[in-house]
Amino acid sequence: MATPREEVRPWPALWALVVGFFMILVDSTIVSVATPSILNDFGTDVGNVIWVTSAYLLAYAVPLLVTGRLGDRIGPKKMYLTGLTVFTLASLWCGLTSSIAMLIVARVVQGLGASMVTPQTMAVITRIFPPDQRGRAMSLWGATAGVAILVGPILGGVLVDGLGWQWIFFVNIPVGVIGFVLAMRLVPDLPTHEHKFDLLGVALSTIGLFLLVFGIQEGQKYDWGKITGPISVWSLIIAGLVLLGLFVFWQSRNRNEPLLPLALFRDRNFSLANVSITTVGFAVTAMAFPLMLYAQAVRGLSPTKAALLLAPMAIISGVLAPFVGRLVDTTPPRFIAGFGLACNVVALFWLSQIISPDLPIWELLLPMALMGVANGFMWAPIGSTATRNLPMHQAGAGAGVYNTTRQVGAVLGSAGIAVLMESRLAHYLPAMASGEGAASGGRLPEALHQGFSDAMADAMILPAAVLVIGLIAALLFASPVRRQSDATAASGDREGLRG
């Protein structure tokens, strides 16, 4: 006897998922403002502390291809709840650690939990919203992504000043519990699809990405030479690239069910959206580190006041989200996303030109406000463009690919900005190339202000330059084609629900 059909309520389900998604993305950037405090507590250097973020992002990014597929197989709701549990418990572990090494290990576990959660949000949007409503749904998803990444440093500043850096992790515990209860009550159990798992693909992508990121981030520390024995920085980078190349080759030859369905990239917009979101992940992650270090070490701002420099971004981005959501369903995405990315490029180059020891704070807020406009216009159109043409049975795999590319961008942004900051500090202030001079969390001696400011300003050019690539990709988006089959498939998925 058939059980009664579960009523599908897309918007309450999406709001429930957004709680956990928001918390996970906050943790991508929340450590940036706590960098000086963690430096001081553990007596370490900038490179090691940035590993606290890079380890999280790496553990977050690599499994996404698998966890998206697992969501299809066992159900996005079950996968989401499991990941949220792992993430919340790992947050408690992070706050209780007493060494930088253990904190990095705990962040790896936290990242694994995050990787289970993220693909399920996009997969649920694709499967329970009809195509003509996905723009508004993706606008909420995109606004959550944009605001969360910007709120991270602000919330982190308040917590570090008031309670200590450990509370940037402890705060996740009540939020995780609330997110779990809401998802249990409001997210429907969607039909599952059988999938096989490509273990060789998992191994090649995991090892390759780790070697690449480790080589890039630790390069400056080892003067781009030998690490130990026959192992050098460049041998790790080259080995990582070779393994990633082998991964792509294996995906093209795997006739069963590849981890990375290359057929998805036959869709022009899916391919271009993945290029674009990779650069966005790179830039948003990378820009926070030099800005927060400059604000605290040169301007002497507390973590809270330094983080409030990002307030215009978060506020403007959130205000624009509903407006942009309506535009996404009616306007070619290349215009919306292109405008947003162009604003971001201009804002980052602007910052790189004005950062100096005596810059009035109000002048710093102007490019930050422009960055808020950029974030308001970037996330939703890129996300909806990527997912609009996904076949229903590959919703999880497609969401996994999209989120993987975004997170790979964030990982490379974290690693790349660490290298560039250390390199520019070595150029301007050789005595503090690894950032030990900022470890006290207070203001640097005035004699060091100009050199430190110049180093952070130079570092801002990297995310701006990378975003130019994303801008070009967005301007090449094709106008989406409305397909009757999409609406039929989405309707069928919703009708197929059983309580």
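What's counted below: heavy atoms across the whole structure, side chains too, no hydrogens, waters or symmetry copies.
Residues F335 and P332 are in side-chain contact: their nearest non-hydrogen atoms beyond the backbone lie under 4.5 Å apart. Between I237 and L211 the shortest side-chain heavy-atom distance does not fall below 4.5 Å. Annotation: side chain of L291 is in contact with side chain of L310 (closest heavy-atom distance under 4.5 Å). Contact annotation: the side chain of T278 never approaches that of R406 to less than 4.5 Å [non-hydrogen atoms, C-beta and beyond]. Counting only heavy atoms from C-beta outward, the side chains of D41 and Q166 approach each other to under 4.5 Å. Here the side chains of W379 and V280 are in contact, with some heavy-atom distance below 4.5 Å.
For W167, the ring-ring contact (aromatic ring centres under 6.0 Å, His included) criterion is met by F170, not counting sequence neighbours. In this structure, the side-chain hydrogen bond (donor to acceptor under 3.5 Å, both in side chains) partners of Y60, at least two apart in sequence or on a different chain, are T118. Among residues two or more places apart in sequence or in another chain, the ring-ring contact (aromatic ring centres under 6.0 Å, His included) test is passed with F249 by none. Shown here are the ring-ring contact (aromatic ring centres under 6.0 Å, His included) partners of F265, two or more places apart in sequence or in another chain: F270. Residues that satisfy the ring-ring contact (aromatic ring centres under 6.0 Å, His included) test with F42, not counting sequence neighbours, are W165. In this structure S414 satisfies the side-chain hydrogen bond (donor to acceptor under 3.5 Å, both in side chains) test together with S54, sequence neighbours excluded. For T88, there are no side-chain hydrogen bond (donor to acceptor under 3.5 Å, both in side chains) partners, not counting sequence neighbours.
Here the OG1-CE distance, from T85 to M116, works out to 9.5 Å after rounding to the nearest 0.5 Å. How far OG1 of T67 is from CE of M79: 5.5 Å, rounded to the nearest 0.5 Å. Atom CG of residue L84 and atom CG of residue L17 lie 10.0 Å apart, to the nearest 0.5 angstrom. Between the CE atom in M287 and the CG atom in L348 there is a gap of 6.0 Å [rounded to 0.5 Å]. Here the straight-line distance linking atom OG1 of T206 with atom CG of L58 works out to 8.5 Å at 0.5 Å rounding. Summarising the geometry, atom CD1 belonging to I315 is positioned 12.0 Å from atom CG belonging to L320; distances are rounded to the nearest 0.5 Å.
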Kindly determine whether L476 and R268 satisfy side chain to side chain contact (heavy atoms under 4.5 Å, CB included), including the steps that lead there.
CA-CA 9 Å; L476 295 175; R268 172 178 168 179; 4.2 Å; yes
Chi angles and distances behind the side chain to side chain contact (heavy atoms under 4.5 Å, CB included) call for F282, V408:
CA-CA 8 Å; F282 185 107; V408 167; over 6 Å; no
Before you tell me yes or no, could you show the steps for L341 and V345 under side chain to side chain contact (heavy atoms under 4.5 Å, CB included), namely the whole-Å CA-CA distance, both residues' side-chain angles and the distance that decides it to 0.1 Å?
CA-CA 6 Å; L341 286 159; V345 170; 5.5 Å; no
Step by step, would you call L471 with F339 a side chain to side chain contact (heavy atoms under 4.5 Å, CB included)?
CA-CA 9 Å; L471 171 59; F339 174 74; over 6 Å; no
N375/S317 under side chain to side chain donor-acceptor pair (under 3.5 Å): CA gap, chis, key distance, verdict:
CA-CA 6 Å; N375 276 274; S317 176; 5.4 Å; no
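Residues I277 and I382 come closest through the heavy atom pair CB-CG2, 4.0 Å. Residues G179 and V19 come closest through the heavy atom pair CA-CG1, 3.8 Å. The heavy-atom pair separating P333 from T385 by the smallest distance is CB-OG1, 3.1 Å. For the residue pair A374 and G340, the shortest heavy atom distance occurs at CB-O, 3.1 Å. Nearest heavy atom pair, residue G413 against residue A286, reads O-CB, 3.6 Å. Residues I74 and K78 come closest through the heavy atom pair O-CD, 3.4 Å.
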Residues 100-111 side chain polar contacts: donor-acceptor under 3.5 Å, at least two apart:
unit_1 : atom_1 : unit_2 : atom_2 : d
R107   : NE     : V52    : O      : 2.9
R107   : NH1    : D27    : OD2    : 3.3
R107   : NH1    : Q110   : OE1    : 2.8
R107   : NH2    : D27    : O      : 3.0
Q110   : NE2    : D27    : OD2    : 3.0
Q110   : NE2    : S91    : OG     : 2.8

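The ring-ring contact (aromatic ring centres under 6.0 Å, His included) analysis of residues 70-127, with sequence neighbours excluded, yields no pairs. The stretch residues 164-184 participates, sequence neighbours left out, in no salt bridge (charged side-chain N to carboxylate O under 4.0 Å, His left out) pair at all. Pairs passing the salt bridge (charged side-chain N to carboxylate O under 4.0 Å, His left out) check and including a residue from residues 371-381, sequence neighbours excluded, do not occur. For residues 50-59, no pair satisfies salt bridge (charged side-chain N to carboxylate O under 4.0 Å, His left out), with sequence neighbours left out.
Remark: the backbone N or O of G201 is paired with a side-chain donor or acceptor of S205 at under 3.5 angstrom. No donor-acceptor pair closer than 3.5 Å links the side chain of N269 to the backbone N or O of F477. The backbone N or O of L112 lies less than 3.5 Å from a partner atom in the side chain of S115, making a donor-acceptor pair.
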